[in-house]
Amino acid sequence: MNKRHAAIAASILTAVALTATGCTTTAGPTAAKTDTIRTTIDIPATFDPTLTSSLPDFLLARTAYDTLVRRDADGLVPGLATTWESTPTEATFTIRTDATCADGTKITPTIVKNSLEYFARPDSGSTQVVYTFGPGNSTPKIAADDAAGTVTVAVENPWPYLVDAMSVASSGIICPAGLKDPAKLAQGTATGGESGPYTLTSAEPGVRYEFALRDDYTAWPKWSTDISGTPAKKLVYTVSPDSTATANLILGGQLDIGKIQATTMERFTGQTGYDVAVNPFSDSYLVFNEREGSMFTDEAARKGVIEAIDRTMYGKVTSLDTGKVLNSLAADGTSCVADSKITIPSQDVAAAKRALSGKTIRLVAPTIVGPNGAGNEYIAEALRAAGATVQLDNTDVGSWITTVVTKPGDWDMTVFADLNFLGSLASPLLNLTGPTIDQGGTNYGAVKNESADAAFAKANTATDDAARCAALDETVGALVDRSDTLPLLNDAFIYASRPGFSVKMLGGALDDPIFRIND
């Protein structure tokens, strides 16, 4: 191991006594009676569900807007839709009859249709349209039958995830008062347009966002998992990007629930009544900029980068082993991953030196990859050890997305932090196949891998789960074999809560934390 690599790992590893499965203490002090939950969030960019681009946007969308279905531990459960039927090209949802908008308007199939059509509008700039309706389906046909109580979504190209995608916060149903003024919707000031349980009452951008529970709200999802406790009447999101500060605020009683880093988990060990829950979170993998003129049009250069990286060390540096090194492009619990047959290359520093010595690489990546972007720092050091000059832009999520999406000439490679809201291998594969960003797709690096494209198309037209899984695995294998990507790590999302409060993330739904006050 290179000494600089070891130094990076040691500085982090010695900061905490590892508790890989989290820690939960038992009986604790009685929590003060309250109707408020105070939690943490990173800085959001929009309040419009259809324009969500990072986790804080999704969290705020989930708070205010209901989706047709929801994720549970055992699969999908009813949300605004009570039942549904689907094929790879069509899904029909029966809409519940007791749901209303924040201004009292009854939620009808027509309202759902209008919201979904707004979501799929041309030139919205939303990459979520592709994940929801599938590649090549930018103009889905959406029909409402108010008499029958149904909404039907039809697409031209097969997309087996039409129903699953309707569980993601970006598909939240926006009521007429919100659609009337898209500018106010994005600013959070379009009052009455919410379909979900909470409405925004105040916002200090970059500081705090407060929501109030609607008095008339009764349309809670039909979860199969027992959800104990009481929803907060007031929900307060505070921007707290420093995990050490977050831990202090929870222990000091200024926050009730908060996201912390693995480096601060030990602060809660032995603290009576506090709970720390480690949840599977973001799948990280390499994306190369393979556009004309980039050094990474050269497969040998891409392979050199891959050979420079020790994925086990990357996992230690990034998550202190609370995460798990990937066997595919998604976490082990994701459908089709368990039976993966792909072979992922091991580190070969000598070969990496032959490929990378004297090269200059511009690496842009988000600071959420480990504490303050420690995973990105490790990769930069690994490439430098292989003889490359590395210009690292370790930046916030918003700036990272802006650079990767809108400034293709400004980066050579990135560590892609994939939240995989679909819960499928299809989600990362959309980022590495098919149309590029400027062509209306989500192929961020402009990868041109005909074998992967063909296998992914085969997966989307498969008639049974076994054939689909085999084709998805074939797609991942084609990308790995040509050094178009390197699966890295499923990182952990760690919530800490103080006595009297709880949070659940069911079915891996990262955008759907269920906060409760426990009586």
Side-chain angles (χ1 to χ4, degrees), residues 34-67 101-103 128 168-170 172-175 177-178 181-215 217 230-243 245-250 252-260 366-368 396-399 401 419 421 493 495-498 501-503 505 509-517:
T34 182
D35 62 1
T36 300
I37 292 178
R38 301 160 300 173
T39 187
T40 56
I41 197 169
D42 290 327
I43 298 174
T46 184
F47 291 90
D48 183 340
T50 70
L51 298 179
T52 50
S53 60
S54 62
L55 186 58
D57 300 341
F58 283 90
L59 292 177
L60 295 188
R62 175 66 69 192
T63 302
Y65 299 94
D66 276 346
T67 52
C101 303
D103 62 2
Q128 295 305 312
V168 182
S170 54
I173 302 306
I174 305 165
C175 291
D181 193 331
K184 287 186 176 180
L185 175 67
Q187 295 165 2
T189 57
T191 58
E194 301 89 348
S195 61
Y198 291 90
T199 58
L200 183 68
T201 55
S202 69
E204 299 175 59
V207 180
R208 174 193 296 256
Y209 308 88
E210 297 186 4
F211 290 80
L213 180 64
R214 290 168 48 192
D215 292 334
Y217 184 80
T230 305
K233 290 187 176 180
K234 183 178 179 181
L235 186 56
V236 180
Y237 290 101
T238 298
V239 175
S240 180
D242 186 313
S243 63
T246 298
N248 291 338
L249 292 170
I250 295 170
Q254 289 83 37
L255 283 174
D256 305 309
I257 300 169
K259 180 184 183 296
I260 63 169
T367 53
I368 60 171
D396 64 272
V397 172
S399 299
I401 291 173
L419 299 180
F421 293 128
F493 190 104
Y495 263 126
S497 54
R498 73 186 188 93
F501 301 88
S502 64
V503 56
M505 298 170 71
L510 305 176
D511 60 341
D512 194 8
I514 303 168
F515 301 117
R516 290 293 184 266
I517 300 170

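Hydrogens, waters and symmetry mates are skipped; everything else that's a heavy atom, side chains included, is used.
Side-chain contact, Thr63 with Tyr237: a donor N or O sits under 3.5 Å from an acceptor N or O.
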side-chain contact (heavy atoms from CB on, under 4.5 Å) between Phe421 and Thr52, worked out: CA-CA 12 Å; Phe421 293 128; Thr52 50; over 6 Å; no
Full working for side-chain contact (heavy atoms from CB on, under 4.5 Å) between Phe47 and Thr189: CA-CA 9 Å; Phe47 291 90; Thr189 57; over 6 Å; no
Criterion side-chain contact (heavy atoms from CB on, under 4.5 Å) on Asp42 and Ser54, from CA distance to verdict: CA-CA 9 Å; Asp42 290 327; Ser54 62; over 6 Å; no
Worked verdict on Thr34 versus Phe501 for side-chain contact (heavy atoms from CB on, under 4.5 Å): CA-CA 10 Å; Thr34 182; Phe501 301 88; 3.7 Å; yes
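In this structure, the side chains of Val239 and Ile41 come closer than 4.5 Å at one or more pairs of heavy atoms. Using a 4.5 Å cut-off on side-chain heavy atoms (C-beta onward), Asp66 and Pro197 make contact.
Rounded to the nearest 0.5 angstrom, Leu185 CG and Ile174 CD1 are separated by 5.0 Å. Annotation: the span from Leu200 atom CG to Thr191 atom OG1 amounts to 10.5 Å, rounded to 0.5 Å. With values rounded to the nearest 0.5 angstrom, Leu419 atom CG is found 6.5 Å from Ile368 atom CD1. From Leu235, atom CG reaches atom OG1 of Thr199 across 11.0 Å, with rounding to the nearest 0.5 Å. Ser202 contributes atom OG, which lies 3.5 Å from atom CD of Glu210 (distance to the nearest 0.5 angstrom). Here OG of Ser53 is found 7.5 Å from CZ of Phe58. Values are rounded to the nearest 0.5 Å.
Between the side chain of Arg208 and the backbone N or O of Val236 there is no donor-acceptor pair closer than 3.5 Å. With hydrogens and angles disregarded, a donor-acceptor distance shorter than 3.5 Å links the side chain of Arg214 to the backbone of Cys101. Using modelled atom types, no side-chain atom of Ser170 and backbone atom of Gln128 make a donor-acceptor pair closer than 3.5 Å. No donor-acceptor pair under 3.5 Å is formed between the side chain of Asp57 and the backbone N or O of Pro44. Checked by atom type and distance alone, the side chain of Thr246 never pairs as donor or acceptor with a backbone atom of Ile260 at under 3.5 Å.
Ring centroids of Tyr209 and Phe211 are separated by 6.0 Å or more, keeping the two rings apart.
Of all heavy-atom pairs spanning Phe493 and Met505, the tightest one is CD2-SD, 4.2 Å. Considering every non-hydrogen atom in both Gly192 and Cys175, the closest pair reads O-CB, 4.2 Å. In plain terms, the two heavy atoms of Asp511 and Ala169 that are nearest each other are OD2-N, 2.8 Å. Scanning all heavy atoms of the two residues, the minimum distance from Ser497 to Ile257 falls at CB-CG1, 3.8 Å. The shortest heavy-atom contact between Tyr495 and Lys259 is CD2-N, 3.9 Å. The two atoms that bring Ala190 and Gly178 nearest to each other are CB-CA, 4.0 Å, heavy atoms only.
Residues satisfying the side chain to side chain contact (heavy atoms under 4.5 Å, CB included) criterion with Pro182, sequence neighbours excluded, are Tyr118. Annotation: side chain to side chain contact (heavy atoms under 4.5 Å, CB included) contacts of Ala232 (sequence neighbours excluded): Ile37, Tyr198, Ile517. Residues passing the side chain to side chain contact (heavy atoms under 4.5 Å, CB included) test with Thr67, sequence neighbours excluded: Arg62, Arg70, Ser171.
Of the candidates Arg38, Lys234, Arg516, Asp256 forms a salt bridge (charged side-chain N to carboxylate O under 4.0 Å, His left out) with just one, namely Arg38.
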